[in-house]
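Have a look at the structure below before the remarks.
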Protein chains: 2
Amino acid sequence: MTDDTDALAALDTRAAFLLSQLGAYTAQQFAERLAPLGIRPVQFGVLTRLRNADTGVELSQQQLSEALGIHRNVMVSLIDSLEERGLVQRGAHPSDRRAYAIRLTDAAHAVLGEATAAADALEEQLTVGLSESEREVLVALLRRITVEQGIAAGVHPGLAG
Amino acid sequence: MTDDTDALAALDTRAAFLLSQLGAYTAQQFAERLAPLGIRPVQFGVLTRLRNADTGVELSQQQLSEALGIHRNVMVSLIDSLEERGLVQRGAHPSDRRAYAIRLTDAAHAVLGEATAAADALEEQLTVGLSESEREVLVALLRRITVEQGIAAGVHPGLAG
DNA sequence: TATTGTTATACTCTATAACTATA
DNA sequence: TATAGTTATAGAGTATAACAATA
């Protein structure tokens, strides 16, 4: 075994490198699968957060920013793009005249369905070589790391502003 | 359980989301650990590739670009910055007068030692909650995914140009 | 006085094309 | 004719500061 092979093998035995490498690959693949729907992963995150809100609860841009770890300045153009795309509407906020109440349109629910199917397909693509129990072991280990590292559920650092 | 909790839990049961989330976090942590050394992850990749080269083999910028999946235009300023930092030198290429032979300096070997220590510390930080056998299971599963997806060993998509 | 949404600015990254010198 | 290195340019993304309206 040459020095070169040793060193390359060493990279592949580091969880840190593999996580970073696979994370970038996965994000790229997801972006490509979302592209035909006209949205990017960060916009999918906004739409998902809005869908997950309890019925009757009005989310402002500020609340969306905090929930997703995105700066409120960035949220402005993000909501702009979603509004132009016809996926959200800026409505009057019931209790704060400074804020907007961001609401999903019917078109957004349709797009969310297709985006969820894209996420399912990607999950299948990534774990095609694993048995169901292996997939569960992987997810359990990854979840334990996120908990240990204090990463909030559903908050993606790569989308942070 | 509310709709909100269901949906958040669902994100955390997707290997794809966890990989993307943890990958971004890991890359961020590594960048922060490298910052005191005055280099970024992509520069660490270049230095590592140079160190891994067989003794006597001269690597050109073009060869580095191909090995790391970075565009050659980007490699120019990358080598510029490493040269200004005193970590590499552009020497005459022995067999091609169009190309440079990129060589590591003594300072680079020192920095590589510290960077490797930083990578070790990050590996420890990420896997502190896992037993040694759990860490091995995780690495084995991640490696199988990279092989299945056709991701070349040591090539990081996030550094691609 | 603090907060919501907004805009402007600058800085970094990235993607593309084109140029030169050599092969 | 193709390749190695370089430069210029434009676009995207990000970070900071500041502003008007409202709390």
Side-chain angles (χ1 to χ4, degrees), chain A residues 20 24 27-28 30-32 34-35 38-46 50 57-85 88-103 155-161, chain B residues 20 24 27-28 31-32 34-35 38-46 49-50 57-84 88-103 156-161:
Chain A
S20 179
Q28 208 171 58
F30 189 46
E32 286 175 17
L34 285 184
I39 59 173
R40 291 172 299 140
V42 63
Q43 297 173 316
F44 174 72
V46 171
L50 285 168
V57 173
E58 306 282 4
L59 289 183
S60 66
Q61 294 184 190
Q62 180 66 35
Q63 287 171 314
L64 279 171
S65 298
E66 287 166 8
L68 295 168
I70 297 172
H71 198 282
R72 71 185 199 279
N73 299 11
V74 177
M75 187 58 65
V76 175
S77 53
L78 214 44
I79 298 296
D80 281 350
S81 65
L82 288 171
E83 204 171 28
E84 286 163 18
R85 183 90 177 60
V88 305
Q89 286 181 334
R90 283 180 165 101
H93 195 284
S95 61
D96 189 338
R97 286 196 299 169
R98 293 172 305 181
Y100 290 121
I102 310 300
R103 300 191 188 94
V155 177
H156 194 304
L159 308 181
Chain B
S20 180
Q28 208 171 57
E32 285 176 17
L34 284 184
I39 60 173
R40 291 173 300 143
V42 62
Q43 297 173 316
F44 174 72
V46 171
R49 187 65 192 79
L50 285 168
V57 174
E58 306 282 4
L59 288 184
S60 66
Q61 294 184 191
Q62 180 66 35
Q63 286 172 316
L64 280 171
S65 297
E66 287 166 9
L68 295 168
I70 297 172
H71 197 284
R72 71 185 199 279
N73 298 11
V74 177
M75 187 57 66
V76 174
S77 53
L78 214 45
I79 298 296
D80 282 350
S81 66
L82 288 171
E83 203 171 28
E84 286 163 18
V88 304
Q89 286 181 333
R90 284 178 163 102
H93 195 283
S95 62
D96 188 339
R97 286 196 300 169
R98 293 172 305 182
Y100 290 122
I102 310 299
R103 300 191 188 93
H156 193 304
L159 308 180

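Every chain is numbered from 1 and lettered A, B, ... according to where its sequence line falls, protein lines coming before strand lines.
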In terms of heavy-atom contacts, I102(B) and Q61(B) come closest through CD1-CG, 3.8 Å
Starting at OH of Y100(A) and ending at P of dA21(D), how long is that distance when rounded to a whole Å?
13 Å
Going by an N to O cut-off under 4.0 Å, is there a salt bridge joining R72(B) and E66(B)?
no
Taking all non-hydrogen atoms of both residues, which atom of V76(A) and which atom of R90(A) are closest, and how far apart?
O-NH2, 3.4 Å
Write down the atom of G91(A), the atom of R103(A), and the distance for their closest heavy-atom approach.
CA-NH1, 3.5 Å
Under 4.0 Å protein heavy-atom contacts per nucleotide of nucleotides 17-23 of chain C, with B for base, S for backbone only and - for none:
BB--BBS
Using whole Å, report how far CE of M75(A) lies from P of dA15(D).
14 Å
Side chain of R40(B) (C-beta onward), nearest among dG5(D), dC13(C), dG5(C):
dC13(C)
Answer yes or no: is there a donor N or O on one side and an acceptor on the other, between the side chain of E84(B) and the main chain of S81(B), under 3.5 Å?
no
It should be established whether Q63(A) places a side-chain nitrogen or oxygen under 4.0 Å from OP1 or OP2 of nucleotide dT4(C).
no
Using five pairs at each end of the helix from dT1(C)-dA23(D) to dA23(C)-dT1(D) to define an axis, what is the angle between those two axes, to 10°?
0°
Let me know the distance between CD of E83(B) and P of dG5(D), rounded to the nearest Å.
12 Å
Around atom CD of Q63(A), are there more than 12 heavy atoms of other residues, nucleotides or ligands at under 6.0 Å?
yes
Between P of dT14(D) and CG of L68(A), the distance in whole Å
13 Å
Determine, step by step, whether M75(B) and L78(B) satisfy the side-chain contact (heavy atoms from CB on, under 4.5 Å) criterion, reporting the C-alpha distance in whole Å, the side-chain angles of both residues, the deciding distance to 0.1 Å, and the verdict.
CA-CA 5 Å; M75(B) 187 57 66; L78(B) 214 45; 4.3 Å; yes
Stepwise side-chain contact (heavy atoms from CB on, under 4.5 Å) test for L68(A) and V42(A)
CA-CA 9 Å; L68(A) 295 168; V42(A) 63; over 6 Å; no
Give the rounded distance in Å between these two atoms: NE2 of H156(B) and P of dC13(C).
15 Å
Between I79(B) (CD1) and dT7(D) (C1'), how many Å, whole number?
17 Å
Rounded to whole angstrom units, what separation is found between the CD atom of Q28(A) and the C1' atom of dC13(C)?
15 Å
Spacing of E58(B) atom CD relative to dG5(D) atom P, expressed in whole Å:
12 Å
Does OP1 or OP2 of dT4(C) have a side-chain N or O of Q62(A) closer than 4.0 Å?
yes
Does E83(B) CD have over 12 foreign heavy atoms under 6.0 Å away?
yes
